[in-house]
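See below for the structure under consideration.
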Amino acid sequence: MRKYVIIGVQGSGKGTQATLLARAFDLVHISVGDIFRWHVQSHTKLGAQVRRTMAAGDLVGDDLVEGVVRDRLTQHDWNYGFIIDGFPRSARQAEFFLESYDIDGVIHLDLPDAEVRRRVLARRLCSRCGMDYNLIADRPAEEGRCEVCGGDLVPREDDTDQALAERLRQYHEKIDPVLELFRRKEYVVTVDARPDIETVQHEIRRRLGLPFSTAVQEA
Ligand code: AMP
C-alpha cells in the first residue's frame, strides 16, 4: 500500500505526474480540483457553493474540502494506495490529513512563477467535450478548434491573468507552512518540475525508491 500526496503550483504538471504514478502502481488518483469541477458542471448543491470561489481563484473553505476528501477516502477503492493531488493546501488541511491517514511520501514539484504564468496562460479547454489543450506543448491542428469534436477552445474560467496572480500569491502564502509541517516529518521530496514529463517522472520514482521497470506512458 502506497499513499502519496503531490504538491505543486498550478501548471507544474502535478496532475500529469500523479496520473502516471497512479497508472504504473495501481494507485487511485484523487484530484480535489477535479471533484469540485465535476460538482460545478453537474450543478450539485456543493457545486453551487464553490463555483464563485473557484472562478475568482480563491481557495474553498477547509470544512468543505475536508468533507470532500473524507468522503472520497471512505470509499476504500484504493487497495494498492492513492495519490492525492491539490490537497492539502493549508496548514489546517495538512493537520487534518496527518491525524487521519499515515502517508509514505510528499512529492513537491518546484516551478518558478514566471514559468507557471507561461504554462497556465497557454491552457485551453474544449467548450463542448472538455478535452485539454496547451498552446505550448499540445497545439490543435486548427487554431481555436477541438480536434476531437470541432468545439471552440476556451481558457478555463479560472485561468485569467488576475485570477492566476491571486492564486500564486495564495499558493505561496498557504503552501509554505504545509511543506514545513511535512518536512518536519521528513516526508518531502522536492523535484524540479521544469524538465520534460518523463524526466520529472523518473526523478520522482528515483527519489521515492519506486521501480523504473513500469513504463512511463503519456497521460
Ligand atoms: P486545482 O485544479 O487543484 O487548481 O483546483 C481548482 C480550484 O478548486 C482551486 O482554485 C480552489 O478554488 C479549489 N480547490 C481545490 N483544492 C482545494 C483545496 N485543497 N483547498 C481549497 N480549495 C481547493
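Counting convention: from 1, in listed order, for ligands and their atoms alike. Positions are given from 1 along the sequence. Hydrogens, waters and symmetry mates play no part in the numbers below; they use all other heavy atoms, side chains included.
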So, are R167 and D159 salt-bridged, with charged N and O less than 4.0 Å apart?
-> yes

Ligand 1 and F87, any nitrogen or oxygen pair closer than 3.5 angstrom?
-> no

Is D77 paired with R72 through a side-chain N to carboxylate O contact shorter than 4.0 Å?
-> yes

Identify, for atom 5 (O) of ligand 1, the protein heavy atom at the shortest distance, and state residue, atom and that distance.
-> G33 CA, 3.5 Å

Candidate with minimal heavy-atom separation from atom 19 (N) of ligand 1, of A163, G8, G86, G15 = G86

Logged contact type for V65 with ligand 1, heavy-atom cut-off 4.0 Å, is side chain

Mode of K14 contact toward ligand 1 - side chain, backbone, both, neither (heavy atoms, under 4.0 Å) | side chain

Taking only Lys NZ, Arg NE, NH1 and NH2, and the carboxylate oxygens of Asp or Glu, determine whether D152 and R145 approach each other closer than 4.0 Å.
-> yes

Do I107 and W78 belong to the same hydrophobic cluster, where Ile, Leu, Val, Met, Phe, Trp and Tyr are linked whenever their side-chain heavy atoms lie under 4.5 Å apart, directly or via other members?
-> no

Does a sphere of radius 6.0 Å around CD in Q75 hold more than 12 heavy atoms from other residues, nucleotides or ligands, not counting ones at 6.0 Å or beyond?
-> yes

Can you check side-chain hydrogen bond (donor to acceptor under 3.5 Å, both in side chains) on Q201 and Q17, steps first, answer last?
-> CA-CA 6 Å; Q201 178 70 197; Q17 296 298 337; 2.6 Å; yes

Heavy-atom distances under 4.0 Å are what count here, so tell me which part of D62 touches ligand 1: side chain, backbone, both or neither.
-> neither

If you have a sec, work out which protein heavy atom is nearest atom 12 (O) of ligand 1 and how many Å separate them, to one decimal?
-> D58 O, 2.6 Å

Nearest non-hydrogen protein atom, atom 22 (N) of ligand 1 | V60 N, 3.0 Å

Can we say E203 and R206 salt-bridge, meaning some charged N sits less than 4.0 Å from an Asp/Glu carboxylate O?
-> yes

Which of the ligand 1 atoms, numbered from 1, are nearer than 4.0 Å to a heavy atom of V32 | 16 (N)

Looking only at distances, please establish whether an N/O atom of ligand 1 is found under 3.5 Å from an N/O atom of D85.
-> no

Does the distance from a Lys or Arg side-chain N to an Asp or Glu carboxylate O, for K3 and D104, drop under 4.0 Å?
-> no

Do ligand 1 and Q10 have nitrogen or oxygen atoms that lie under 3.5 Å from each other?
-> yes

R123 with D132: basic N within carboxylate O range, under 4.0 Å = no

Atom 20 (N) of ligand 1 sits nearest the protein heavy atom Q93 NE2, 3.0 Å

Around atom 8 (O) of ligand 1, find the nearest protein heavy atom and jot down its residue, atom name and distance.
-> M54 CE, 3.6 Å

Under 4.0 Å from a heavy atom of R37: give me the atoms of ligand 1 that qualify, with their elements.
-> 2 (O), 6 (C)

Main-chain N/O of G86 paired to R89 side chain as donor or acceptor, under 3.5 Å = yes

Heavy-atom proximity to atom 1 (P) of ligand 1, picking from R89, K174, E166, points to R89

